Every structure is written in structure tokens, then in C-alpha cells.
Amino acid sequence: MAEKATNSIQRAYLLMGGNLGRPEQQLLRARQLIHARCGPVLLSSSIYSTAAWGPIEQPPFLNQALILSTHLSPTLLMTTLLAIEEEMGRVRTEKMGPRTIDIDILLLDQETIDLPELKVPHPLLPQRRFALMPLEEIAPFLVHPELKKNIRQLLNECSDVGDVQKKAGWLGE
């Protein structure tokens, strides 16, 4: 049985990132596809340049957070985002490796989901400055449903020392 959209509208908080090809253009294209297939993008953060995480030497990432209004169920939203990644050339070869685009669901309103294919809130959100900084720009007082702290508090307490810089001079349009 195919999964359907829900009758209710949720706010989804997403993080997009990429470090292959033309990342600025990839972020713009991903945002357009998300808007068309998942629901209206209500707000997007600035673009942030961030040091790559993981064991593989690779170029820095560009990241951007989005707030999306969606009627898709959580698993259908995840399936749709994975299809967008694939359409945009994402190939999953190495965990934490370079990629054209990566789209993660960070939070869905105040929902908690623990399925093999989807965990919300994103389990590593409190440990990732590159996710918290753009999210804090657009939703500083959004409360993490499990930790009961807002995004600004999580950013202030984050022990990640990775370099994250707001990218100047790009309007994202």
C-alpha cells in the first residue's frame, strides 16, 4: 500500500549540504525541488561554509537550513527527499564522504520518530555546529522535543569546534 499525505500540515526543519560540483547551485536547485514536491519553503537560512566532518579528506561543505510547511507524512517526506538527492546525482558510496547534495530532516514540529529509516529529531543535531548555526539563524527558539532546550541553547552548549562561517555575498536567488 502506497503511503499518502496526511491531512495535517507540519513544519519540517531541514538541513541541506553539498561539496561537489557547484554547491551553491545545488542548494538552490534542491530548495526549488523541495518547494515543488514537499510543500512551500517558508524560510531559508544564509549559506554557511563548513569544514567537512569525517575521516575522508574533502573540500568544505556549503550548508543551508530550511523551514518547510508540508502535508507529507514523515516517511513520505524522507522518501521524497531521498529521491530528490538521487535525481540531483547523489551517490551513496562512503559514509560521511563528499556529495553533490545531502538533505536531512532535523526536526518535525515536536514529533519524535524512531524508525529504522527515519529518526527525528536527528540524533546528531546537538553535536553538529554546521547544522545548529544555520538552524539557529531561522529558528533560534525552536525547542528540541527530547532535550527541552531551544536551538540557541544547543548551539551555545555544542562542543563541536568545526569551522562554520556565514558565506557573504550570495543572495540564494
Side-chain angles (χ1 to χ4, degrees), residues 11-31 33-34 41-68 77-78 81-82 84-86 88-108 111-114 117-173:
R11 286 202 176 186
Y13 300 83
L14 309 179
L15 182 72
M16 306 184 303
N19 67 346
L20 293 179
R22 298 176 62 199
E24 288 177 353
Q25 299 308 318
Q26 296 283 68
L27 293 175
L28 177 59
R29 180 70 180 138
R31 191 172 75 217
L33 291 171
I34 289 166
V41 173
L42 304 175
L43 202 54
S44 56
S45 74
S46 301
I47 304 289
Y48 287 78
S49 176
T50 67
W53 259 44
I56 300 163
E57 186 68 31
Q58 57 186 308
F61 277 80
L62 292 186
N63 288 299
Q64 183 177 40
L66 304 176
I67 301 175
L68 167 73
L77 176 60
M78 188 73 243
L81 295 174
L82 290 171
I84 290 170
E85 287 181 354
E86 187 176 320
M88 291 183 62
R90 169 86 190 261
V91 178
R92 294 178 183 276
T93 53
E94 289 186 81
K95 188 171 179 74
M96 300 177 95
R99 61 204 84 147
T100 53
I101 193 72
D102 182 38
I103 309 168
D104 289 331
I105 300 173
L106 301 177
L107 296 157
L108 278 168
E111 276 199 63
T112 300
I113 302 166
D114 189 7
E117 69 276 12
L118 178 62
K119 301 206 183 308
V120 176
H122 192 291
L124 298 176
L125 175 61
Q127 302 163 28
R128 292 181 165 175
R129 182 170 301 284
F130 68 85
L132 289 168
M133 281 186 72
L135 186 57
E136 191 269 343
E137 179 184 329
I138 59 175
F141 302 111
L142 175 67
V143 175
H144 189 288
E146 293 173 342
L147 301 176
K148 308 298 184 209
K149 295 179 180 182
N150 68 41
I151 300 305
R152 182 164 288 162
Q153 289 171 303
L154 292 176
L155 177 59
N156 288 336
E157 295 171 4
C158 183
S159 62
D160 177 11
V161 295
D163 187 36
V164 180
Q165 301 292 324
K166 189 184 287 191
K167 192 164 171 24
W170 189 72
L171 301 176
E173 299 300 330

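Numbering of residues begins at 1 and proceeds along the displayed sequence. Remember, it's a predicted structure, so these values are computed and weren't measured experimentally.
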- Message: For Asn156, give me all partners under side chain to side chain donor-acceptor pair (under 3.5 Å), at least two apart in sequence or on another chain.
- Response: none
- Query: Can you list the residues that meet the side chain to side chain donor-acceptor pair (under 3.5 Å) rule with Gln127, with sequence neighbours excluded?
  - Reply: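 Expected list: none.
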To the nearest 0.5 Å, what is the distance between [atom1] ([X]) and [atom2] ([Y])?
X      : Y      : atom1 : atom2 : answer
Gln25  : Leu27  : CD    : CG    : 9.0 Å
Gln165 : Ser46  : CD    : OG    : 12.5 Å
Leu132 : Gln153 : CG    : CD    : 12.0 Å
Asp104 : Leu15  : CG    : CG    : 6.0 Å
Asn63  : Leu135 : CG    : CG    : 12.0 Å
Leu107 : Leu14  : CG    : CG    : 10.0 Å

- Partner set under side chain to side chain contact (heavy atoms under 4.5 Å, CB included) for Ile113, not counting sequence neighbours: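 Listed in chain order: Pro74, Leu108, Glu111, Leu115, Leu118, Val120.
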- Message: Please enumerate all residues that pass side chain to side chain contact (heavy atoms under 4.5 Å, CB included) together with Ser45, with sequence neighbours excluded.
- Response: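 Ser45 satisfies side chain to side chain contact (heavy atoms under 4.5 Å, CB included) with Tyr48, Gln64, Ala65, Pro134, Glu137, Ile138 once adjacent residues are dropped.
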- Item | Expected output: side-chain Asn19 to main-chain Pro59 donor-acceptor under 3.5 Å |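 At least one qualifying donor-acceptor pair exists.
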For the student: nearest non-hydrogen atoms of [X] and [Y], plus distance:
X      : Y      : result
Leu77  : Ala12  : CD2-CB, 3.8 Å
Leu66  : Ser44  : CD2-CB, 3.3 Å
Leu62  : Lys167 : CD2-CD, 3.8 Å
Gly162 : Asp160 : N-OD1, 2.8 Å
Ala131 : Leu125 : CB-CD1, 3.8 Å

- Residue from Arg31, Met16, Met88 passing side-chain contact (heavy atoms from CB on, under 4.5 Å) with Ile103: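 In the set Arg31, Met16, Met88, the residue that makes a side-chain contact (heavy atoms from CB on, under 4.5 Å) with Ile103 is Met16.
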- Query: With respect to Leu81, which candidate in Ile34, Leu33, Ile101 satisfies the side-chain contact (heavy atoms from CB on, under 4.5 Å) definition?
  - Reply: Ile34
- Message: According to salt bridge (charged side-chain N to carboxylate O under 4.0 Å, His left out), does anything in residues 138-158 pair up with another residue at least two apart or in another chain? List the pairs.
- Response: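 Those involving residues 138-158 are Glu136-Arg152, Lys149-Glu157.
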- Query: Salt bridge between Arg99 and Glu85, side-chain N to carboxylate O under 4.0 Å?
  - Reply: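 Result for this pair is no, no salt bridge flagged.
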- Query: Taking C-beta and beyond as the side chain, do Leu82 and Glu86 meet within less than 4.5 Å on heavy atoms?
  - Reply: no
- Task: Could you go through the side-chain contact (heavy atoms from CB on, under 4.5 Å) check for Arg129 and Leu155 one step at a time?
- Result: CA-CA 7 Å; Arg129 182 170 301 284; Leu155 177 59; 3.3 Å; yes
- Item | Any residue meeting ring pair (Phe, Tyr, Trp, His ring centres under 6.0 Å) with Tyr13, in chain and number order, not counting sequence neighbours | none
